[in-house]
Protein chains: 2
Amino acid sequence: MGEINRYSIGEFSEKTGVSIRTLHYYDEIGLLQPEKHPSSGHRIYKHQDILTLQKIVSLKFLGYSLEKITNLLHQSIITVDLNETLALQLEVLKKDKERIEQSMTTIQRVIKVLEEEGGVDSAILFSLIHSMQTESIQNEWLERHNLTVVVEKLSKKTEKEKITLDKTFIQMAKEVKKLYGKPIQDQEVQKMIKAFIEASFEFLGDDLVQQLADAEVEELDIQELENLAPSPFTEDEQKWLNQAMEYYMKEAGME
Amino acid sequence: MGEINRYSIGEFSEKTGVSIRTLHYYDEIGLLQPEKHPSSGHRIYKHQDILTLQKIVSLKFLGYSLEKITNLLHQSIITVDLNETLALQLEVLKKDKERIEQSMTTIQRVIKVLEEEGGVDSAILFSLIHSMQTESIQNEWLERHNLTVVVEKLSKKTEKEKITLDKTFIQMAKEVKKLYGKPIQDQEVQKMIKAFIEASFEFLGDDLVQQLADAEVEELDIQELENLAPSPFTEDEQKWLNQAMEYYMKEAGME
DNA sequence: TATAAGACCTCACGTAACTGGAGGTTCAAG
DNA sequence: CTTGAACCTCCAGTTACGTGAGGTCTTATA
């Protein structure tokens, strides 16, 4: 094409860094429609098109959809609408950011756990991951049942303490899977249950455990919680564990 | 369906919070294929499917594509591969987060500027947005031309100072657009140029401005920079501005 | 037991923002 | 005048589903 202020699509693509195919697409959806050579049909881009494309790229970067951008560009008084939508856009980005951050901390915790624990049964691992992800929903559940104290207590725990809890949980789960099948009165089994219950007490504190035990929760709600935080055990393992715990409670003279 | 451990798709959807259509889709792509009633073709989900679905949801949350998840699930020893890919996934999320953060600060700066400046010509606004976005690329350009000092100086500026610079830039651009057409020797025009140059000196410091002036930069590189940071002016406005500045330089006895 | 409501089935198109390829036309250089 | 690069249009595919049509199956009630 050669002439100044008149670019072929190839030159224009080169200059702006936007692919030819994308420029075709923008033309197709009416976002950026350059002049066309009347006989050949070749696109002719001009200086103004560079400016328009820069607007498009900018708005895209800010998170606007191409459809919104099309509308924004066709209104000449952009600033008015922009001013309103910017705040909205900021909110959207904030939520995206939070989601990403949560995924990142989850991954980091999983990596830590894998590093320090080595091979972990995948059921255990996913149970852990899932419960991390639904932490906020679990908190909602607790608050609905007047257990805000627990939520507060948990939120005060540092990242390190949480990893410690993760590890405790994993070790306990591993042991359950190892010991499963033995009679529930078995010394080793009862020792494991004891260790687990003591760890829980230590983490939450006696008073909170008591509150949790006292809380009146209906069967249906328990179901709901179980869906939120899936057990890493098979149904049989779970049954066995429950029996072993009941036995322990009786022996220890708890209710 | 009614029976325990056998759920119709509707029940299963209810229980897990995953839409029926999504379950259909997961079946279709071989991600989660429940038993089917031989005559009716109705899907029958069981307890194991809940666990599988939870794995799927977890991995999806961590940012994996359904295709990857399919592979991960079909390998029974998940933890090995997971351990490797988690780190990669973390990197991807990090980049996403950075992009989002940059968009957020850009939007915040734009909002601030709009608040304090009111109506702004859209060309000016987009020129500003665009240059914010390409800040890192502009820094690369500067570093390539041995102007790392400038980059360092700029990086030390606080967010507030940057907003001040934005506003200076906008006011100057507004005035250029207002005064455009007047003779370049006009007092008002020359006053504006003076104000602008002084503001630049103040922001960067005399020494840096000198360095920038001394830097040997080729025409082609200048072109490149212009593509990175588009001028908010029309070509005519730009020409007029250049002439006015040259006149000012001569008058002020600068080179 | 007949019937109607509701749950389920498959098929197929639509979404966003492109990318890639096939097959044909135009341009620029030799 | 030829040839190869650049360009054109049209079609298909991508992800993770949503939506709706039109037909079948189950379940509750009359």
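Every chain is numbered from 1 and lettered A, B, ... according to where its sequence line falls, protein lines coming before strand lines.
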(message) Taking the minimum atom-to-atom distance to the side chain of Ile9(A), which one of dC8(D), dG21(C), dC17(D) wins?
(response) dC8(D)
(request) Counting heavy atoms from C-beta on, name the nucleotide in dC27(C), dC18(C), dA12(C) closest to the side chain of Thr22(A). (result) dC18(C)
(message) Would you compute the distance between atom CG of Asp27(B) and atom OG1 of Thr22(B) and round it to the nearest 0.5 angstrom?
(response) 12.5 Å
(message) I want to verify a distance call: between dA17(C), dC10(D), dC17(D), whose nearest atom is closest to the Ser65(A) side chain?
(response) dA17(C)
(message) From C-beta outward on His42(A), which listed nucleotide comes closest to its side chain: dC9(C), dC8(D), dC17(D)?
(response) dC8(D)
(message) What verdict does the salt bridge (Lys or Arg N to Asp or Glu O under 4.0 Å) test give for Glu91(A) and Lys94(A), after you've listed the backbone C-alpha separation in whole Å, the side-chain angles of each residue and the deciding distance to 0.1 Å?
(response) CA-CA 5 Å; Glu91(A) 282 307 303; Lys94(A) 220 186 228 164; 3.6 Å; yes
(request) To the nearest Å, give me how far apart OH (Tyr45(A)) and C1' (dA6(D)) are. (result) 14 Å
(request) Mind listing the residues from residues 24-37 of chain B sitting with a heavy atom below 4.0 Å of DNA chain D? Number order is fine. (result) Tyr25(B), Tyr26(B)
(request) Run the salt-bridge test on Glu35(B) and Arg43(B) with the 4.0 Å N-O cut-off and return the result as yes or no. (result) no
(message) Would you say Lys60(B) places a side-chain N or O within less than 4.0 Å of OP1 or OP2 belonging to dT15(D)?
(response) no
(request) Rounded to the nearest angstrom, tell me the gap between atom CD1 in Ile20(A) and atom P in dG21(C). (result) 14 Å
(request) Output the distance between atom CG (Asn242(A)) and atom CZ (Phe233(A)), rounded to the nearest 0.5 Å. (result) 10.0 Å
(request) For Glu14(B) and dG6(C), give me the distance from atom CD to atom P, rounded to whole Å. (result) 16 Å
(request) Report yes if the side chains of Tyr25(A) and Leu66(A) come closer than 4.5 Å at any heavy-atom pair, otherwise no. (result) yes
(request) Determine whether Leu23(B) and Tyr45(B) make a side-chain contact, defined as any pair of heavy atoms from C-beta on separated by less than 4.5 Å. (result) yes
(request) Output yes when at least one side-chain N/O atom of Ser19(A) is less than 4.0 Å from OP1 or OP2 of dC18(C), else no. (result) no
(request) Check whether any side-chain N or O of Ser8(A) sits under 4.0 Å from OP1 or OP2 of dC27(C), and answer yes or no. (result) no
(message) Using side-chain heavy atoms (C-beta onward) and a distance below 4.5 Å, is Leu31(B) in contact with Ile69(B)?
(response) yes
(message) For the NZ atom on Lys112(A), are there more than 12 heavy atoms of other groups (residues, nucleotides or ligands in this structure) within a distance under 6.0 Å?
(response) no
(message) Between Arg43(B) and dC9(C), is there a contact of a side-chain N or O with OP1 or OP2 at under 4.0 Å?
(response) yes
(message) Rounding to an integer number of Å, can you tell me how far Tyr7(B) OH sits from dC8(C) C1'?
(response) 19 Å
(request) Select from Arg21(A) and Gly10(B) the residue whose nearest nucleotide in DNA chain C is closer to the 5' end of that strand. (result) Gly10(B)
(message) If the cut-off is 4.0 Å, is Ser40(A) near the phosphate of dC7(D), judged by side-chain N/O to OP1 or OP2?
(response) no
(request) Rounded off to whole Å, could you give me the CG-to-C1' distance for the Leu23(B) and dC9(C) pair? (result) 14 Å
(request) To the nearest Å, give me how far apart CD1 (Ile44(A)) and P (dC27(C)) are. (result) 10 Å
(message) Please report the distance, rounded to the nearest Å, between CZ in Phe12(B) and C1' in dC8(C).
(response) 16 Å
(request) Go through Leu51(A) and Gln48(A) one step at a time and tell me if the side-chain contact (heavy atoms from CB on, under 4.5 Å) criterion holds. (result) CA-CA 5 Å; Leu51(A) 300 181; Gln48(A) 177 57 44; 4.0 Å; yes
(message) Using C1' atoms of five pairs at each end, report the bend of the helix from dT1(C)-dA30(D) to dG30(C)-dC1(D) rounded to 10 degrees.
(response) 20°
(message) Let me confirm one number: the CG-CD1 distance from Leu88(A) to Ile107(B), rounded to the nearest 0.5 Å.
(response) 10.0 Å
